[in-house]
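One structure is given here, and the rest of the page talks about it.
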Amino acid sequence: IFILVIMIAVLVLQKIQGSRTNKLLMVLYLNVLVTTIFDLWSEAYNIWFLAQDSDSGFRYMLYYGYFLSRNLTPPLFQLYLCALTDTWHILKKRRWMQILIAAPYTMVCLLLCSNVFLHNVFYFDENLIYTRGPLFYGLHGCAFIYFVTGIVFLITYRKVFTADKFLTLICFYPWNLIAIMVQAIIPEYLVEMFLNTISLFLVSNIVQRPEELINPVIGIRSHIAFTSDMKKAFYLRKPMRVFLAGIVNYQSLLNILGNDSCNFLMKQI
């Protein structure tokens with residue numbers, strides 16, 4: 001929770017959250033933060049309070065909140081990858097890709113809705129102990145679909161990324177798979193959300209480098225960012241418009257105004 005709060009604060013203070021990529025990253029951070037709070041609250045409930053039948057409704061809500069937000073992370077990360085690769089125009093044209101992103105999470109919602117009546121995903125036994133139902137691993141099956149499609153997506157568009165960014169993004173999946181396996185085998189080891197947070201921390205520091213994206217003097221997107229965007233557009237054959245603004249006699253302005261005043265003028269422009 002502390003790591004996520006710091007990451008959210010840093011993203012806000014960088015003041016570069018206007019792009020679609022940064023908005024999706026912020027949503028990812030918030031979703032994982034909410035999931036972690038639900039996870040902590042639900043698992044520690046028996047420590048903080050004495051479990052009673054009258055509390056079962058609230059405890060069910062905590063677990064439903066956890067499963068809904070936890071299983072929302074993979075589709076959000078997939079949308080974040082679409083923003084990073086600038087493949088929204090491809091996603092809008094291909095209905096099967098939209099279905100592939102929406103269908104597994106829809107199945108998760110249906111499973112959790114059925115659990116309200118059938119208790120086939122999870123329930124509290126006669127001793128008020130949380131117990132997994134026969135369809136619990138259906139949630140992991142839906143997550144596994146995102147695991148496969150995400151890796152295929154990254155490999156397909158690997159040329160869009162530098163080697164370090166590609167490796168960081170693709171490692172997001174095995175990190176989370178290991179966490180799920182550990183927590184599935186040894187439920188008392190709550191490592192899932194911690195490893196999920198660490199993988200996002202690596203993404204924020206290696207993939208989302210503000211020094212590469214923003215010109216620190218003027219505060220606009222840098223020449224490196226422009227070059228990266230153009231490489232993506234050419235590789236993806238994306239239709240685009242380029243507007244060029246020329247500053248007449250820039251060197252004369254710099255000599256007359258001085259560096260600080262000229263930078264202020266550039267910000268105004």
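Counting begins at 1 with the first residue of the sequence. These numbers come from the heavy atoms of this one structure, side chains and all, not from hydrogens, waters or symmetry mates.
- Ring planes of F67 and F122: tilted class, angle from 30 to 60°.
- Aromatic ring centres of W41 and F58: separated by under 6.0 Å.
- Side chain of S114 to backbone of L111: a donor-acceptor contact under 3.5 angstrom is found.
- Of the possible donor and acceptor atoms, one in the side chain of K232 sits under 3.5 Å from a partner among the backbone N and O of L84.
- N31 and S69 share no side-chain donor-acceptor pair at under 3.5 Å.
- Q78 places no side-chain N or O within 3.5 Å of a backbone atom of I101 that could act as its donor or acceptor partner.
- V148 pairs by the side chain to side chain contact (heavy atoms under 4.5 Å, CB included) definition with F144, V152, not counting sequence neighbours.
- A donor-acceptor pair under 3.5 Å links the side-chain atoms of N115 to the main chain of N120, judged by distance alone.
- Applying the salt bridge (charged side-chain N to carboxylate O under 4.0 Å, His left out) test to pairs two or more places apart or on separate chains, those with a residue in residues 60-88 are R70-E192, D86-K238.
- Taking CG from N263 and CG from L257, the interatomic distance works out to 10.5 Å, rounded to the nearest 0.5 Å.
- Summarising the geometry, atom CD1 belonging to I170 is positioned 8.5 Å from atom OH belonging to Y173; distances are rounded to the nearest 0.5 Å.
- Atoms CG and CZ, on L79 and R20 in that order, are 10.0 Å from each other to the nearest 0.5 Å.
- Checking side-chain atoms of N205 against main-chain N and O of F201 turns up a donor-acceptor pair under 3.5 Å.
- Side-chain rings of Y60 and F124 approach one another, their centers coming within less than 6.0 Å.
- Here H140 and F147 keep their ring centres 6.0 angstrom or further from each other.
- Remark: the backbone N or O of L68 is paired with a side-chain donor or acceptor of Y105 at under 3.5 angstrom.
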